Amino acid sequence: MSPNVTAAPDSTAVPAEAVAPLSRGITVLRRLTEADGTASLSGLERASGLARSTVDRITATLARMGYVRLDGRDAVLAPRLMELGNAYLAALRLPKLLHAQADALADELDESVSLAVGDRDGIRFIHQATRRRAMSLSFRIGDLLPAERTAPGPLFATEWGTAEWQRWHERRAADPEDRGFPAVPARSRPLEDDRSEESSGQRRGVTLGDDFEQRTAAARKQGWALDDQLIEPGLVALSVPVRDPDGRIACVVSVVSHTSRHTAAGLRDALLPRLRTSVAAMERELREAPPAGPTAPAGPSGLAAWTGASKQELGREFVESLARGLTVITSFGEGRSELTLTEVARATGLARATARRALITLEHLGYVTAHGGIFRLTPRVLGLGFPALSRTTLPDVAAPHLAALSQRVHESASLAVLAGDEIRYTARFTTSRVMSVNITVGTRLPAYATSLGRVMLADLPEPHLPDPSGLVAPTPRTVTDPGELRAVLDRVRRDGYALVDGELEEGLRSIAVPVRERGGRVVAAVNVAMHSSRRTPEECVEEVLPDLFATASRIEADLHIAGRFREVPGA
């Protein structure tokens with residue numbers, strides 16, 4: 001089945017068996033996403049139209065699930081929420097199968113490349129390979145764009161039937177300025193009295209897709225489509241469909257540029273042959289890819305016991321039906337793109353009746369489709385937080401965990417990455433003390449003389465150490481002998497942590513552990529630093545190290561979710 005699925009319209013009557021708390025919880029997640037991931041509880045009350053007590057209960061439940069972090073009076077989307085979008089992307093398989101070709105094309109052309117799927121009468125991005133420039137593409141994975149203002153839109157519309165075109169006309173009439181698409185600037189109304197005064201590209205920039213049906217007819221004939229400044233002035237794109245073995249459009253690949261580099265016609269003339277070659281390779285990958293084998297569901301094991309314990313602890317503040325309903329989404333994944341009711345119930349541990357009501361609700365809201373008793377996720381799942389979280393960096397992931405660690409041990413906590421022979425601090429939380437460690441984000445220090453540096457050096461196959469002449473001793477206790485330093489790194493590798501006592505500065509004691517990405521490679525390190533008068537080395541190991549390991553584990557868990565289908569900057 002093509003991923004260009006059509007979800008049930010929101011205007012249909014609410015099914016009698018729909019789970020109201022699940023619907024309300026999804027509303028809150030959507031409003032948080034539209035607010036770019038952070039909103040006050042009172043703001044959510046106004047935006048959702050829900051009672052404040054309901055918003056409080058929903059956000060408390062989402063916080064319990066790790067999907068939201070409550071920061072004072074604000075609710076903030078947390079990286080773990082991305083497991084919902086990950087379930088859709090894993091079930092779809094296209095990002096996994098095609099991202100390498102898309103990234104290679106972006107590198108070769110030195111232009112941004114994206115993959116998109118159809119979502120009703122819009123498109124959603126499922127992969128982005130962007131170029132870092134002063135003027136760069138700001139769209140994110142999961143962003144929803146109106147089909148008529150994009151290059152992929154006309155290509156997807158070639159497969160629309162009467163119902164889809166009717167929906168598009170109704171949406172355009174109800175929302176002429178595209179206010180329902182927060183990822184794009186509001187569209188201007190067509191200026192019928194000055195068509196002759198503007199160039200073709202400028203005209204399209206003003207009407208913003210009013211010739212969509214004609215562009216769809218041209219796309220059907222040509223097999224490609226252009227976006228000539230339909231989103232905003234200066235942005236141009238060329239798109240070609242990637243078809244699955246059945247001949248349906250699986251996704252659309254686009255090359256996106258700026259008019260300072262290419263006109264729309266110039267982009268087509270220069271890059272269409274290369275784009276078609278890449279698309280042919282992608283289609284070959286889809287034909288030759290082995291079927292995905294069944295895998296274990298991503299949802300938490302023992303769901304019924306977990307939700308029961310949460311309900312007992314939080315009382316009426318925990319909305320059990322919301323937690324169970326969202327977990328239904330995570331029952332899908334690679335090798336589980338199509339599930340029956342029985343399979344969903346088995347994967348989640350829910351009773352069939354509970355799973356059925358959740359699926360009915362999700363189908364009504366457009367997050368799943370049902371055909372002959374088979375359920376599939378739709379691209380709309382990506383709208384639950386994914387755009388706001390898809391630019392999350394490693395410091396973003398680590399910051400709340402560092403704050404919690406610092407508050408538990410009453411010492412400063414930091415995250416750093418390896419930068420050549422040095423470490424660079426990228427996140428930090430400090431305690432309020434008369435005497436504290438004075439280090440700021442961006443500070444660089446020699447890796448060999450720090451606990452953070454040693455746990456990262458110890459992970460390298462051949463730890464690179466500075467030339468012996470560069471091994472300066474900041475204090476008499478600093479290890480500078482290469483042989484001795486290698487022995488220290490061997491011990492760090494064996495123990496899984498590093499403790500440095502007075503080697504960087506007299507009186508400064510720190511202990512660090514590594515942070516690993518999905519493949520197991522150390523990408524950063526976390527430490528706690530203090531004056532030596534506050535804890536002995538033995539107390540650091542006994543009292544601080546367990547919390548440090550637990551914090552690194554929490555950072556890794558979030559990092560693995562956030563980095564499943566994208567590179568996390570800073571990692």
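Treat the numbers as computed from the prediction; the structure is a model and nothing was measured.
- Residue Ile58 comes nearest to Val319 through the heavy atom pair N-CG2, 4.4 Å, listed as atom of the first residue, atom of the second, then distance.
- A donor-acceptor pair is defined here as one N or O able to donate and one able to accept, closer than 3.5 Å; such a pair exists between the side chain of His99 and the backbone of Pro95.
- Just one of Leu94, Leu115, Leu97, Thr277 meets the side chain to side chain contact (heavy atoms under 4.5 Å, CB included) condition when paired with Met282; it is Leu115.
- Atoms CD and CD, on Glu517 and Glu567 in that order, are 10.5 Å from each other to the nearest 0.5 Å.
- Checking side-chain atoms of Glu343 against main-chain N and O of Thr340 turns up a donor-acceptor pair under 3.5 Å.
- For the pair Phe386/Met82, a side-chain contact is recorded, criterion being any heavy-atom separation below 4.5 Å from C-beta on.
- Two residues are said to be in side-chain contact when any heavy atoms from C-beta on lie closer than 4.5 Å; Val55 and Ser48 meet this criterion.
- Heavy atoms of other residues, nucleotides or ligands lying less than 6.0 angstrom from NZ of Lys311 number more than 12.
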_side chain to side chain donor-acceptor pair (under 3.5 Å) between Thr378 and Arg120, intermediate numbers included_ = CA-CA 9 Å; Thr378 75; Arg120 300 180 64 179; over 6 Å; no
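- The minimum heavy-atom distance between Leu326 and Leu84, with the atom names listed, is O-CD2, 3.7 Å.
- Not a single donor-acceptor pair under 3.5 Å links the side chain of Thr130 to the backbone N or O of Ser112.
- Side chain of Arg149 to main chain of Ile231: a donor-acceptor pair is present (N/O by atom type, distance under 3.5 Å, no hydrogens or angles).
- Atoms OG1 and CG, on Thr392 and Asp558 in that order, are 9.5 Å from each other to the nearest 0.5 Å.
- At least one donor-acceptor pair under 3.5 Å links the side chain of Glu556 to the backbone N or O of Arg516.
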*Trp168 and Glu148: side chain to side chain donor-acceptor pair (under 3.5 Å), yes or no, with the steps?*
CA-CA 9 Å; Trp168 177 76; Glu148 68 275 11; 2.9 Å; yes
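- Across Leu382 and Gly142, no two heavy atoms sit closer than the pair CB-CA, 3.8 Å.
- Residue pairs meeting the salt bridge (charged side-chain N to carboxylate O under 4.0 Å, His left out) criterion with at least one member in residues 49-61, sequence neighbours excluded: Arg52-Asp56.
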Please table the atom pairs, donor to acceptor, closer than 3.5 Å between any side-chain atom in residues 350-358 and protein atoms at least two apart or in another chain.
{"unit_1": "Arg352", "atom_1": "NH1", "unit_2": "Thr342", "atom_2": "OG1", "d": "2.6"}
{"unit_1": "Arg356", "atom_1": "NH1", "unit_2": "Glu17", "atom_2": "OE1", "d": "3.0"}
{"unit_1": "Arg356", "atom_1": "NH1", "unit_2": "Glu17", "atom_2": "OE2", "d": "2.4"}
{"unit_1": "Arg356", "atom_1": "NH2", "unit_2": "Glu17", "atom_2": "OE1", "d": "3.1"}
{"unit_1": "Arg357", "atom_1": "NE", "unit_2": "Glu17", "atom_2": "O", "d": "2.9"}
{"unit_1": "Arg357", "atom_1": "NH2", "unit_2": "Ala18", "atom_2": "O", "d": "3.3"}

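- Here the CG atom belonging to Asp211 is positioned 9.0 Å from the OG1 atom belonging to Thr216, to the nearest 0.5 angstrom.
- A salt bridge links Arg140 with Asp36: the distance from a Lys NZ or Arg NE/NH1/NH2 to an Asp or Glu carboxylate oxygen falls below 4.0 Å.
- Side-chain N or O atoms of Asp119 include none that pairs as donor or acceptor with a backbone N or O of Gly122 at under 3.5 Å.
- Ile329 CD1 to Thr348 OG1: the interatomic distance, rounded to the nearest 0.5 Å, is 12.0 Å.
- A salt bridge does not link Arg243 to Glu283: none of the charged nitrogens lies less than 4.0 Å from a carboxylate oxygen.
- For the side chain to side chain donor-acceptor pair (under 3.5 Å) test with Asp121, the passing option among Gln166, Arg171, Arg167, His169 is Arg171; the others fail.
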*asked:* With side chain to side chain donor-acceptor pair (under 3.5 Å) as the criterion, how do Thr307 and Glu320 come out once you've worked through the C-alpha distance, each side chain's angles and the decisive distance to 0.1 Å?
replied: CA-CA 6 Å; Thr307 56; Glu320 195 168 14; 3.1 Å; yes
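- Between the CD1 atom of Ile123 and the OG atom of Ser114 there is a distance of 7.0 Å, given to the nearest 0.5 Å.
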*asked:* Is there a side chain to side chain donor-acceptor pair (under 3.5 Å) between Arg64 and Ser310? Walk through the geometry before answering.
replied: CA-CA 8 Å; Arg64 180 73 170 190; Ser310 298; 3.0 Å; yes
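- One finds the SG atom of Cys251 at 12.0 Å from the CZ atom of Phe125 (value rounded to the nearest 0.5 Å).
- Checked for salt-bridge contact, Arg69 and Asp71 meet the test: a charged N lies under 4.0 Å from a carboxylate O.
- Annotation for Arg220 and Ala157: closest pair NH2-O, 4.3 Å, computed over non-hydrogen atoms.
- Residues Leu272 and Arg276 form a side-chain contact, since some pair of their non-hydrogen atoms from C-beta on lies under 4.5 Å apart.
- Smallest separation of non-hydrogen atoms from Thr33 and Leu384: OG1-C, 3.8 Å.
- Of the charged side-chain nitrogens involved, none lies within less than 4.0 Å of a carboxylate oxygen, so that Arg564 and Glu83 do not count as a salt-bridged pair.
- Remark: the backbone N or O of Asp246 is paired with a side-chain donor or acceptor of Asp244 at under 3.5 angstrom.
- The two residues Ala129 and Asp103 make their nearest non-hydrogen contact at CB-OD1, 3.3 Å.
- Of the possible polar contacts, none joining the Asp178 side chain to the Ala186 backbone as a donor-acceptor pair under 3.5 Å is found.
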